[in-house]
Enquirer: 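Take this structure first; my questions come after.
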Amino acid sequence: EAQVTQNPRYLITVTGKKLTVTCSQNMNHEYMSWYRQDPGLGLRQIYYSMNVEVTDKGDVPEGYKVSRKEKRNFPLILESPSPNQTSLYFCASSPTGGVVSTGELFFGEGSRLTVL
Amino acid sequence: AQSVTQLDSHVSVSEGTPVLLRCNYSSSYSPSLFWYVQHPNKGLQLLLKYTSAATLVKGINGFEAEFKKSETSFHLTKPSAHMSDAAEYFCVVSGWGSASKIIFGSGTRLSIRP
């Protein structure tokens with residue numbers, strides 16, 4: 001089954017404790033991206049990757065890191081989480097990295113992160 | 001620069017009545033426009049997309065949207081609401097050839113009254 005898989009789905013952690021949210025897609029998509037969803041703000045892009053070893057900042061990259069060593073995986077790393085990073089996170093992928101207008105985003109089911 | 005505005009944060013309709021979710025966009029060039037739906041505790045799913053072909057776009061589950069350049073609008077409609085339509089809906093704009101510039105609206109929560 002074609003899907004984007006995120007783990008963990010739910011996580012409660014404490015300020016400063018490094019964590020990684022994994023994202024994997026089995027559709028051979030070039031483009032992958034991370035978003036955070038907060039009430040009243042819609043989805044805001046954190047980082048995106050047009051292909052392996054190519055990553056770039058989205059609109060809200062502060063406090064996050066990513067890597068794209070393999071096509072299928074795009075982990076989101078919070079080196080030192082803070083309470084303002086409490087949010088619902090979505091990973092998404094698309095087959096058409098350069099011409100997104102002809103493609104669509106395929107989303108994972110989300111990872112709800114709480115930082116105390 | 002691109003932007004998208006969803007004019008209503010919450011819409012409530014009775015089952016069997018029409019649905020209208022409003023979206024206005026701003027783009028300095030021909031945009032691509034999308035509507036996504038998010039059911040509770042789920043990821044987002046594409047409803048429909050406009051990519052400079054027909055201005056009236058049909059999507060899944062009976063939804064459709066009309067691209068109106070003169071009004072810079074891309075409103076989502078459905079003739080008859082069903083209880084299963086209750087969800088959050090997002091209007092999205094992206095620029096041609098620019099995968100990075102994908103802008104989400106703030107969302108409209110659709111409630112369906114029995």
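Letters A, B, ... mirror the listed sequences (proteins, then strands); counts begin at 1. Only heavy atoms go into these numbers, but all of them, side chains included; no hydrogens, no water, no symmetry mates.
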Enquirer: Look at A/Glu109 together with B/Lys42 and state whether they make a salt bridge at an N to O cut-off of under 4.0 Å.
Expert: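 Result for this pair is yes, salt bridge flagged.
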Enquirer: Identify whether B/Leu21 and B/Tyr50 are in the same connected component of the hydrophobic contact network (ILVMFWY, side-chain heavy atoms under 4.5 Å).
Expert: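 Same hydrophobic cluster.
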Enquirer: Given that the side chain runs from C-beta out, which part of A/Arg112 has a heavy atom under 4.5 Å from chain B: side chain, backbone, both or neither?
Expert: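 The answer is neither part of A/Arg112.
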Enquirer: Passes salt bridge (charged side-chain N to carboxylate O under 4.0 Å, His left out), A/Lys65 versus A/Glu79? Steps please.
Expert: CA-CA 8 Å; A/Lys65 287 175 56 178; A/Glu79 293 273 3; 3.0 Å; yes
Enquirer: A/Gln25 side chain to A/Gly108 main-chain N or O, any donor-acceptor pair under 3.5 Å?
Expert: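 Checked: no pair found.
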Enquirer: Which of residues 104-114 of chain B have a heavy atom under 4.5 Å from any heavy atom of chain A?
Expert: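 Residues in range: B/Phe104, B/Gly105, B/Ser106.
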Enquirer: Would you say A/Tyr31 and B/Leu44 are hydrophobically clustered, going by side-chain heavy atoms of ILVMFWY under 4.5 Å?
Expert: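 Shared cluster, yes.
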Enquirer: Run the numbers on A/Val66 and A/Phe74 for side-chain contact (heavy atoms from CB on, under 4.5 Å), then give the verdict.
Expert: CA-CA 7 Å; A/Val66 294; A/Phe74 191 46; 3.7 Å; yes
Enquirer: Nearest 0.5 Å, what's the CD1-SG distance between B/Ile103 and B/Cys91?
Expert: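 Rounded to the nearest 0.5 Å, the CD1-SG separation comes out at 11.5 Å.
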Enquirer: Between the side chains of A/Ser111 and A/Gln6, does any donor sit under 3.5 Å from an acceptor?
Expert: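 Indeed, the side chains of A/Ser111 and A/Gln6 share at least one donor-acceptor pair under 3.5 Å.
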Enquirer: What verdict does the ring pair (Phe, Tyr, Trp, His ring centres under 6.0 Å) test give for B/Phe63 and B/Tyr89, after you've listed the backbone C-alpha separation in whole Å, the side-chain angles of each residue and the deciding distance to 0.1 Å?
Expert: CA-CA 12 Å; B/Phe63 284 94; B/Tyr89 292 80; 5.5 Å; yes
Enquirer: Which label fits B/Tyr36 and A/Phe107: parallel for a plane angle under 30°, tilted from 30 to 60°, or perpendicular past 60°?
Expert: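 Correct class here is perpendicular.
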Enquirer: What distance do A/Tyr48 atom OH and A/Asp56 atom CG have between them, rounded to the nearest 0.5 Å?
Expert: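 One gets 4.0 Å once the value is rounded to the nearest 0.5 Å.
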Enquirer: Between A/Leu41 and chain B, which part of the residue has a heavy atom less than 4.5 Å away: side chain, backbone, both or neither?
Expert: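 Contact with chain B is through the backbone of A/Leu41 alone.
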Enquirer: Under 4.5 Å from any heavy atom of chain A, what part of B/Gln38 do you find: side chain, backbone, both or neither?
Expert: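 Side chain only.
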Enquirer: Report, by ascending residue number, the residues of residues 82-90 of chain A in heavy-atom contact with chain B at a distance under 4.5 Å; give 'none' if the set is empty.
Expert: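 So the qualifying residues are A/Leu88, A/Phe90.
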Enquirer: What part of A/Gln37 gets closer than 4.5 Å to chain B, counting heavy atoms only: side chain, backbone, both or neither?
Expert: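 Looking at A/Gln37, just its side chain touches chain B.
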